[in-house]
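Labels below follow one simple rule: chain letters A, B, ... track the order of the sequence lines, proteins then strands, and each chain is numbered from 1.
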Amino acid sequence: MTPGDWRPTGSLEHLRQRARMLAAIRRFFDESNILEVETPLLCHGIGTDPQLAFFSTEFCFHPNRQMLYLQTSPEFAMKRLLAAGYGSMYQICKAFRNGESGRFHNPEFTLLEWYRVGFDLFQLMAEIDRLIQVVAKPFRTLKQTHTVHYQEIFRNYTGLDPLMFSASVYREFAESAGLPEAVSICENDHALWLDFLFSHCVQPHLGEGRLCMVYGFPACQSSLARLNADNPAITDRVEIFIDGVELGNGFYELCNADEQEARFDKEIEFRSSNGLPPVDKDRRFLQALESGLPDCSGMAIGLDRLLMVMAGAESIEHVLAFPVDRA
Amino acid sequence: MATFSTNEFKAGLKVMLDGDPAAIIENEFVKPGKGQAFNRVKIRNLKTGRVIERTFKSGESLEGADVVDIEMQYLYNDGQFRHFMVPDTFEQYQADEKAVGDAGLWLKDQDMCTVTLWNDVPLSIVPANFVELAITETDPGVRGDTSGGGGKPAVLETGAVVRVPLFVQTGEVIKVDTRTSEYVSRVKE
């Protein structure tokens, strides 16, 4: 505790901008007649994704005690609404990710998530572009949006093919790029190599003064996206960037319950063999998929970061009233 | 020695990296939304002074380095080593020229300075921000010039060379900023 740390880290101006941004987003979806929903932050089920650490707590309802989780995203609950036939919807909510704190991370953050029934990935991307332009308008003028395939942009900055893994070729590149530590970190893990090289060599260049949408991620990189119908080595997944900052992630959603369950099993096995906290598959979510998820695409955008790049804030704490260490 | 995880890497933390003591300058958490988290760390090798960037997998840890900064008094130069003393304890340390480096240009007997010890051996020396040193040699100034536009080189008693205003003469004592090697003022005896 230091004197003065009762004060907010976000300026009044940034909090005003946040309020206006939220209003603009709600207006955008209202104009398209998309329903705003709220789903529980405190849930029985949680994602199996080994890269997402969660917060857990106990629900004490005498004489029972139950483990509950703070959601890492509202995806499962919203897909249950979709399966129930509630149609396209959006939500602005808090999401929680344990162990994440830094210039671009706060363990509790604000997420915009929306689903469009009947949209494929490209229709979704067109809507993302429109939304970002609307949000950007009072802040800054963005240059023409850049839409690019993962394989192409990866090759542009590394000369490597992200779909063809060769440990020796990747190693050689890392050494020549001044990143020899990648060799011991990534070893023979293709997905880890892609994470490392993409975040170090590709991402910093994406979306300079513009929105950049990268689509067609390698299949080893996503647990909830649908495999591309023409090329099963890639998924129908999009990530968006402005000024090298990752802002969000979207999918043409996987509707097949069996395939979803198989991916969960794989991740649960990875968790247990890597000493990560065990999780149960979200039974209600799988049942919803079995009963039938409509063909849809969904997108999630971190609104704190979006505000950062719009307002030119250096650190996430400048756009939050109170970051975790002052919460 | 304790170990420190990437989450504890704060500016100023001293750790062992590739067998050398090093100081963390900057630590950035990098995490693709759907991927592995990394820490991109800027770190200074305290032996060579070189700054490098290195990525760690989040949660990895490094051994702490037993590095401390201690205020000491500079005693004398025996030709091979410089000798320093901790005033409170009278404990003495000797440092070779490699550890002393450029700081040697500013060290005058009896002056205080900061000695960085690694495993109790001097690793580097930082002189006081301001030192007062006598000029041993400088060209006579032009008469009547008191403003000092331009200046001239002056050799100081420790061997350092700084630019001084034209009116400053051999034998005078001047105050110098050791961080910039710049003349600050004359010191009245």
Side-chain angles (χ1 to χ4, degrees), chain A residues 47 49-53 72-73 95 97 99-106 111 174 178-182 184-187 189 191-200 202-204 217 220-225 235 237 239-241 244-251 275 300-302 305 315-316, chain B residues 1-69 118:
Chain A
D49 188 337
Q51 308 296 359
L52 293 182
T72 53
S73 99
R97 296 188 184 171
E100 300 190 2
S101 178
R103 199 153 72 84
F104 292 101
H105 295 81
N106 195 56
L111 201 60
L179 298 163
E181 64 270 34
S184 59
I185 291 178
C186 306
E187 293 177 333
D189 185 335
L192 193 49
W193 269 106
L194 295 180
D195 281 341
F196 190 103
L197 295 177
F198 192 85
S199 59
H200 285 72
V202 183
Q203 188 184 325
F217 277 66
C220 63
Q221 293 259 299
S222 21
S223 79
L224 295 152
T235 56
R237 168 181 169 198
E239 281 228 13
I240 65 168
F241 304 86
V245 178
E246 182 194 346
L247 296 174
N249 184 65
F251 302 126
I301 295 179
R305 281 195 205 161
S315 168
I316 196 165
Chain B
M1 201 69 201
T3 60
F4 297 93
S5 113
T6 49
N7 286 339
E8 298 171 287
F9 289 6
K10 300 254 155 61
L13 181 73
K14 314 285 199 306
V15 291
M16 294 300 298
L17 184 67
D18 306 331
D20 281 349
I24 307 279
I25 300 172
E26 215 177 85
N27 176 18
E28 183 132 312
F29 181 68
V30 178
K31 185 181 189 304
K34 302 280 166 187
Q36 167 69 41
F38 305 107
N39 287 69
R40 189 98 179 108
V41 180
K42 216 180 242 174
I43 193 163
R44 183 193 310 280
N45 181 316
L46 292 173
K47 257 182 163 170
T48 63
R50 261 187 49 200
V51 174
I52 59 160
E53 283 201 272
R54 176 78 71 91
T55 295
F56 298 88
K57 216 165 158 171
S58 291
E60 254 186 276
S61 53
L62 288 177
E63 200 188 328
D66 180 10
V67 172
V68 283
D69 294 335
W118 175 39

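Heavy atoms of Ser184(A) lying under 4.5 Å from chain B are absent altogether. Contacts between Glu100(A) and chain B at a heavy-atom distance below 4.5 Å involve backbone atoms as well as side-chain atoms. Contacts of Phe196(A) with chain B are made by both backbone and side-chain atoms, with heavy-atom separations under 4.5 Å. Leu179(A) touches chain B through its side chain: at least one heavy atom from C-beta onward sits under 4.5 Å away, while N, CA, C and O do not.
Counting all heavy atoms, side chain and backbone alike, Lys31(B) lies closest to Glu246(A) at O-OE1, 3.8 Å. Nearest heavy-atom pair across Gly35(B) and Asp195(A) is CA-OD2, 3.2 Å.
The closest side-chain heavy-atom distance from Ser199(A) to Phe38(B) is below 4.5 Å.
At a heavy-atom cut-off of under 4.5 Å, chain A is reached by Glu53(B), Arg54(B), Thr55(B), Phe56(B), Lys57(B), Glu60(B) from residues 45-68 of chain B, listed in order of number. The contact list for residues 19-30 of chain B toward chain A, using heavy atoms and a distance under 4.5 Å, reads Glu28(B), Phe29(B), Val30(B) by residue number.
Taking chain B as the reference chain and counting heavy-atom pairs below 4.5 Å, the highest number among Asn249(A), Leu52(A), Ile185(A) is found for Ile185(A). The residue among Glu181(A), His200(A), Gln203(A) with the most heavy atom pairs within less than 4.5 Å of chain B is Glu181(A).
Arg305(A) is linked by a side-chain hydrogen bond (donor to acceptor under 3.5 Å, both in side chains) to His105(A), counting only residues two or more places apart in sequence or in another chain. Residues satisfying the side-chain hydrogen bond (donor to acceptor under 3.5 Å, both in side chains) criterion with Glu239(A), sequence neighbours excluded, are Arg237(A).
At most 12 non-hydrogen atoms from other residues, nucleotides or ligands lie less than 6.0 angstrom from CZ of Arg44(B).
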